[in-house]
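Keep in mind that the numbers below use all heavy atoms, side chains included, and drop hydrogens, waters and symmetry copies. Chain A is the first sequence line, chain B the second, and so forth, proteins listed ahead of strands; every chain is numbered from 1.
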Protein chains: 2
Amino acid sequence: MTQNELSPNPIKLIGLANRSFARIVDGPLRELGFAIGQLPVLVALKKHRALPQAELVRLARVEQSSMAQLLNRMERDGLVRRVPDPNDKRSRLISLTVRAEQQLPKGKAVMDQAGKVALAGFTAADLELLMALLLRMNTNLDQAIDALTGTGANAGPAA
Amino acid sequence: MTQNELSPNPIKLIGLANRSFARIVDGPLRELGFAIGQLPVLVALKKHRALPQAELVRLARVEQSSMAQLLNRMERDGLVRRVPDPNDKRSRLISLTVRAEQQLPKGKAVMDQAGKVALAGFTAADLELLMALLLRMNTNLDQAIDALTGTGANAGPAA
DNA sequence: CCGATATATATAGTCTGCTATATAGAAACA
DNA sequence: TGTTTCTATATAGCAGACTATATATATCGG
């Protein structure tokens with residue numbers, strides 16, 4: 001009973017779901033002047049007013065260099081500003097522009113709508129179960145990455 | 001009880017799992033001369049001997065342009081060959097090089113090992129459940145994409 | 001106060017994937 | 001047969017993510 005393909009792992013389904021979701025929101029977000037990777041940053045900034053890059057890195061769970069580039073694009077597109085941090089000359093505080101703040105609710109609506117589409121037919125229990133299973137997977141993966149990178153930076157507060 | 005963040009969707013967890021998995025296999029695959037996106041293509045070619053690009057597109061579920069670029073890199077790295085299809089001058093048949101074929105088992109082992117790590121502590125039932133839930137999500141997403149792209153190309157044979 | 005180490009960002013280079021568009025050749029059909 | 005349409009690839013240009021590395025500034029230990 002050895003299955004076909006590259007192991008019957010859920011990884012393929014996970015990758016596919018991820019790409020499909022991105023494709024679905026891409027157009028609508030683009031019309032709003034947003035891109036998918038920006039939403040978590042925008043939401044975090046809306047809630048916290050102004051944050052240093054390092055904090056966004058923690059919230060979005062991406063590498064520092066990825067965030068730096070993302071912010072470069074967002075700044076270029078007029079979504080965020082970076083102002084020098086008076087308390088630390090290495091750092092700059094990131095904040096939303098008015099335009100970004102005004103458009104954000106529509107962007108969130110796009111994401112939520114796509115989320116609903118993805119979960120059509122799911123009961124609350126189905127969803128909970130899925131989240132729990134994914135959480136377990138992520139915990140496993142985080143551990144493996146911690147082992148690789150040496151740092152114990154992951155597995156932070158349940159978020 | 002409105003939750004925090006961008007909806008409590010599993011999308012975040014899915015994206016994170018995807019990236020984490022990729023990070024884990026990246027190094028080992030690189031040492032073998034492979035990259036993560038190539039594995040599905042390599043496996044398909046090993047099984048079918050020689051295939052046109054269009055078939056790989058279907059198997060890997062990526063856009064045609066993505067596959068074309070992936071194959072460009074694989075050809076550049078000496079993993080595949082593209083020979084003119086005698087029956088159709090528009091097309092080229094893709095096949096593995098000897099080197100790729102020899103290294104492939106090690107690459108598969110890396111993927112399988114990472115899959116096991118990801119699923120540590122999962123019972124067979126857990127895994128089945130996870131796969132079933134992800135499959136349902138993907139079905140929903142495929143439908144949404146079909147609606148967008150007009151074509152009814154997705155939702156193919158259960159695979 | 002000074003040198004060593006740590007921290008906050010930035011940049012270079014690469015991979016994967018997408019959308020949009022271009023081309024060559026095959027197929028249909030008038 | 002000739003023209004239109006479809007099909008198989010290719011290319012351009014961009015987003016997002018990663019690794020590796022560079023830079024500037026803070027902090028610590030003496």
Item checked: Between C1' of dC15(C) and CG of Leu79(B), the distance in whole Å -> 14 Å

Notebook entry, point to check: Ion pair present between Glu31(B) and Lys106(B), side-chain N to carboxylate O less than 4.0 angstrom?
Noted result: no

Next item on the list: Whole angstrom is fine here: how far is it from CD in Glu75(A) over to C1' in dG16(D)?
Entry: 18 Å

Item checked: Lys108(A) side chain near Met111(A) side chain, heavy-atom distance below 4.5 Å -> no

Item checked: Nearest-angstrom distance from the residue atom CD of Gln38(B) to P of dG17(C) -> 10 Å

Notebook entry, point to check: Taking for each residue the nucleotide of DNA chain C bearing the nearest heavy atom, is the 5' side occupied by Gly37(B) or by Arg30(A)?
Noted result: Gly37(B)

Note to self: Mind checking if Ala35(B) touches a base, just sugar-phosphate, or nothing, with heavy atoms under 4.0 Å?
What the structure shows: sugar-phosphate

Item checked: Whole-Å gap separating P (dA10(D)) and CD1 (Ile94(B)) -> 7 Å

Next item on the list: Indicate whether OP1 or OP2 belonging to dT7(D) is found under 4.0 Å from a side-chain N or O atom of Gln53(B).
Entry: no

Next item on the list: Report the nucleotide, chosen from dT19(C), dG16(D), dA17(D), that has the shortest atom-to-atom distance to any side-chain atom of Arg23(A).
Entry: dT19(C)

Kindly give the atom pairs (protein nitrogen or oxygen, nucleotide nitrogen or oxygen) under 3.5 Å for nucleotides 23-25 of chain D.
unit_1, atom_1, unit_2, atom_2, d
dT25(D), O2, Arg90(A), NH1, 3.4

Check: Given side chains that start at C-beta, do those of Phe21(A) and Met137(B) come closer than 4.5 Å, heavy atoms only?
Finding: no

Write down the protein N/O and nucleotide N/O pairs, taken from nucleotides 12-14 of chain C, whose separation is under 3.5 Å; answer none if there are no such pairs.
unit_1, atom_1, unit_2, atom_2, d
dG13(C), O6, Gln69(A), NE2, 3.4

Notebook entry, point to check: Step by step, would you call Gln113(A) with Lys116(A) a side chain to side chain donor-acceptor pair (under 3.5 Å)?
Noted result: CA-CA 5 Å; Gln113(A) 172 57 24; Lys116(A) 274 182 201 152; 5.0 Å; no

Next item on the list: State whether Arg82(A) and Glu75(A) are salt-bridged, where the test is any N-O pair (Lys NZ or Arg NE/NH1/NH2 against Asp/Glu carboxylate O) under 4.0 Å.
Entry: yes

Check: dG17(C) C1' sits how many Å from Ile36(A) CD1, rounded?
Finding: 12 Å

Margin query: Show, in sequence, the C-alpha distance, side-chain angles and deciding distance for Gln64(B) and Gln53(B), and conclude whether the side chain to side chain contact (heavy atoms under 4.5 Å, CB included) test is met.
Written below: CA-CA 8 Å; Gln64(B) 174 268 320; Gln53(B) 193 193 97; 3.4 Å; yes

Notebook entry, point to check: Starting at CD of Gln64(A) and ending at P of dC18(D), how long is that distance when rounded to a whole Å?
Noted result: 11 Å

Next item on the list: Before accepting this row, confirm whether a basic side-chain N of the pair Arg23(A)/Glu63(B) lies closer than 4.0 Å to the acidic partner's carboxylate O.
Entry: yes

Notebook entry, point to check: Salt-bridged, Arg30(A) to Asp26(A), with N to O below 4.0 Å?
Noted result: yes

Next item on the list: For Arg58(B) and for Val62(A), find the nucleotide of DNA chain D with the closest heavy atom, then tell me which residue's nucleotide is more 5'.
Entry: Arg58(B)

Note to self: For a quick test of reading the model: is some side-chain N or O of Arg82(B) closer than 4.0 Å to OP1 or OP2 of dT9(D)?
What the structure shows: no

Check: In whole angstroms, how far is the P atom of dC18(D) from the CG atom of Leu70(A)?
Finding: 11 Å

Check: Is the shortest side-chain N to carboxylate O distance from Asp142(A) to Arg61(A) below 4.0 Å?
Finding: yes

Notebook entry, point to check: How long is the line joining CE of Met67(A) and C1' of dA15(D), in whole Å?
Noted result: 14 Å

Margin query: If the cut-off is 4.0 Å, is Ser66(B) near the phosphate of dT16(C), judged by side-chain N/O to OP1 or OP2?
Written below: no

Notebook entry, point to check: If you check the Ser91(B) side chain, which of dT9(D), dT19(C), dT16(C) turns out closest?
Noted result: dT9(D)

Next item on the list: Look at all strands and tell whether Ala54(B) reaches a base, only sugar-phosphate, or nothing, counting heavy atoms closer than 4.0 Å.
Entry: sugar-phosphate

Checklist line | Carboxylate-amine/guanidinium proximity below 4.0 Å for Asp126(A) and Arg136(B) | finding: yes

